[in-house]
There are 2 protein chains.
Amino acid sequence: MDMGVAERKERHKEDLKREILDAAKVLFAEKGLEATSIRAIAEKIEYSPATIYLYYKDKNEIVHALHREGFKLLVDYFQVLNHISHPFERLKGMGRAYIQFALQNPDTYKLLFNMEEPLEHVANCFEEWDEGDRAFDILLQTVKECQSIGYFPGFATEQMSFMIWSMMHGLCMLRITGHLAHVGAAKANLMDLDQLMSSTFETFVSFAEKLKR
Amino acid sequence: MDMGVAERKERHKEDLKREILDAAKVLFAEKGLEATSIRAIAEKIEYSPATIYLYYKDKNEIVHALHREGFKLLVDYFQVLNHISHPFERLKGMGRAYIQFALQNPDTYKLLFNMEEPLEHVANCFEEWDEGDRAFDILLQTVKECQSIGYFPGFATEQMSFMIWSMMHGLCMLRITGHLAHVGAAKANLMDLDQLMSSTFETFVSFAEKLKR
DNA sequence: GAGAAATTGTGAACAGTGTTTAGTAAATTC
DNA sequence: GAATTTACTAAACACTGTTCACAATTTCTC
């Protein structure tokens, strides 16, 4: 086998890996993670179920691949923030981008921040979670910059950042799982959910804003 | 069949329902929700798998039963707070009780606040979620009382309450899923997780405390 | 008491899951 | 053209939730 053919073969192999991943992504988004079977993925790409195991060790490895791609997507959502020079404005933008990401990609969000399995795998892999750490580093850095111009005086940067992340994560998860919808329907039936969510977020922002030195 | 026997029968039937529920509770806590099978529950109570379906319509109904019990347990955690007269102190107590509940019963917590299925069922049942609403009502009421003595001036009670709930939920979920552990290990490796969590909570408290009129 | 009826429990099966393995068909190398 | 490697798959294994026809037991009626 000459080199040109080997290359083409290799390329085809990579193509099929992508096809599998894309099919999995679509099905996961449609039916959720647990509800999509290897057989369904196989059928979508018109291959035998066993073929998938030639390209991915098991279902977990597919999930992990989507995990990596999910983080890249999140980083994309944060990309536009680089042009905001004011730290607190950037922090606000991060919050809005985070919410947007969560609402537009709820299954990916759950994959990234609400599952335990991929995390365990990642703890043994070391490198792989880098982008996750990097995302949190961005938050830490931004909070620090906010503090340098008088915001959040006297608060530890780490705790402050964890607090903000918890706030955003809780809001997104309550929304995604439907708990916000349920309690919201009973208590604040005037506005729709997105309004309720963003107004809660804005409440948090103005909450934070009042704490300026 | 006379009345005494009918009663004993009925009692036995209730007993078996309880046995199933208790076995399910233990197995769920041990291996998680998805990982425990009807067959495993059946084996634990030494009955045939099919027998379980004589007492519960399906696995969901077992989950819903545990859902109801979970809320009762949460209300128990909140019971001690009735004796705290100062609203803000009571609010702080609620936060600590909530965290305690989540950490001591992580699977139940996930069942109550991180699953979508039981919520859908409940939306069609109406009554069943009462205790969930009641728990949120307690929060609403407490926030309102805090505002009446000068806390959170100028903030809408609903949004404020949602914000607090989101904060607590996010903190608990990040802890339970292990995300706090992962990022925490890299960034704040000095303290253990419970310390990190409670110090983040206290940060939020002092954050809120500074906003007094 | 004896027979009918209703209750209570189960083994076996169905359709589905993730995964493995033995074996086939095709492409590549010699 | 023959040998070997590659790409793929049908079939099976051990699970899952769930159903159903059937058996055992208990209760009711006479």
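Per chain, numbering begins at 1; letters A, B, ... match sequence-line order.
Considering only side-chain N and O atoms, A/Thr51 lies nowhere under 4.0 angstrom from the phosphate OP1 or OP2 of D/dC8. The side chain of A/Tyr53 contributes no N or O atom lying less than 4.0 Å from OP1 or OP2 of C/dT20.
Partner B/Thr157 forms a side-chain hydrogen bond (donor to acceptor under 3.5 Å, both in side chains) with one of B/Gln141, B/Gln147, B/Lys144 and no other, that one being B/Gln147.
You'll find the ring centres of B/Phe162 and A/Phe204 outside the 6.0 Å limit.
Ranking D/dT18, C/dG9, C/dG18 by closeness to the B/Tyr47 side chain, first place goes to C/dG9. Closest approach to the B/Lys59 side chain among C/dG18, C/dT10, D/dT18 is made by D/dT18 (side chain taken as heavy atoms from C-beta onward).
Partners of A/Lys59 according to the salt bridge (Lys or Arg N to Asp or Glu O under 4.0 Å) rule, which considers only residues two or more places apart in sequence or in another chain, do not exist here. Applying the salt bridge (Lys or Arg N to Asp or Glu O under 4.0 Å) criterion to B/Arg39, with sequence neighbours excluded, gives no partner residue. Scored by the side-chain contact (heavy atoms from CB on, under 4.5 Å) test, A/Glu61 finds A/Tyr56, A/Lys57, A/Asp58 as partners (sequence neighbours excluded).
As rounded to whole Å, 8 Å separates atom P of C/dT19 from atom NZ of A/Lys57. In this structure, the CD1 atom of B/Ile41 is 12 Å from the C1' atom of D/dT16, given to the nearest Å. For B/Glu46 and C/dG9, the CD to C1' distance is 14 Å, given to the nearest whole Å. Counting to the nearest Å, the P atom of C/dG18 and the CD1 atom of A/Ile52 are 9 Å from each other. Atom P of nucleotide D/dG17 and atom CD1 of B/Ile62 are separated by 9 Å, given to the nearest angstrom. Following rounding to the nearest Å, B/Leu16 (CG) and C/dT8 (P) show an atom-to-atom distance of 10 Å. For the pair B/Leu54 CG and D/dT26 C1', the interatomic distance rounds to 15 Å; values are reported in whole Å. Following rounding to the nearest Å, B/Glu43 (CD) and C/dG11 (P) show an atom-to-atom distance of 12 Å.
A side chain to side chain donor-acceptor pair (under 3.5 Å) check over residues 102-115 of chain B, counting only residues at least two apart or in different chains, returns the pairs A/Asn114-B/Asn114, A/Glu116-B/Lys110, B/Tyr77-B/Gln104, B/Tyr77-B/Asn105, B/Tyr98-B/Tyr109, B/Tyr109-B/His169.
A heavy atom lying under 4.0 Å from DNA chain C marks the following residues of residues 19-40 of chain B, by number: B/Arg39.
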Side-chain donor-acceptor pairs of residues 27-35 of chain A under 3.5 Å, sequence neighbours excluded:
none

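Backbone-only engagement by A/Tyr55 is indicated by non-hydrogen atom pairs under 4.0 Å involving sugar-phosphate atoms exclusively.
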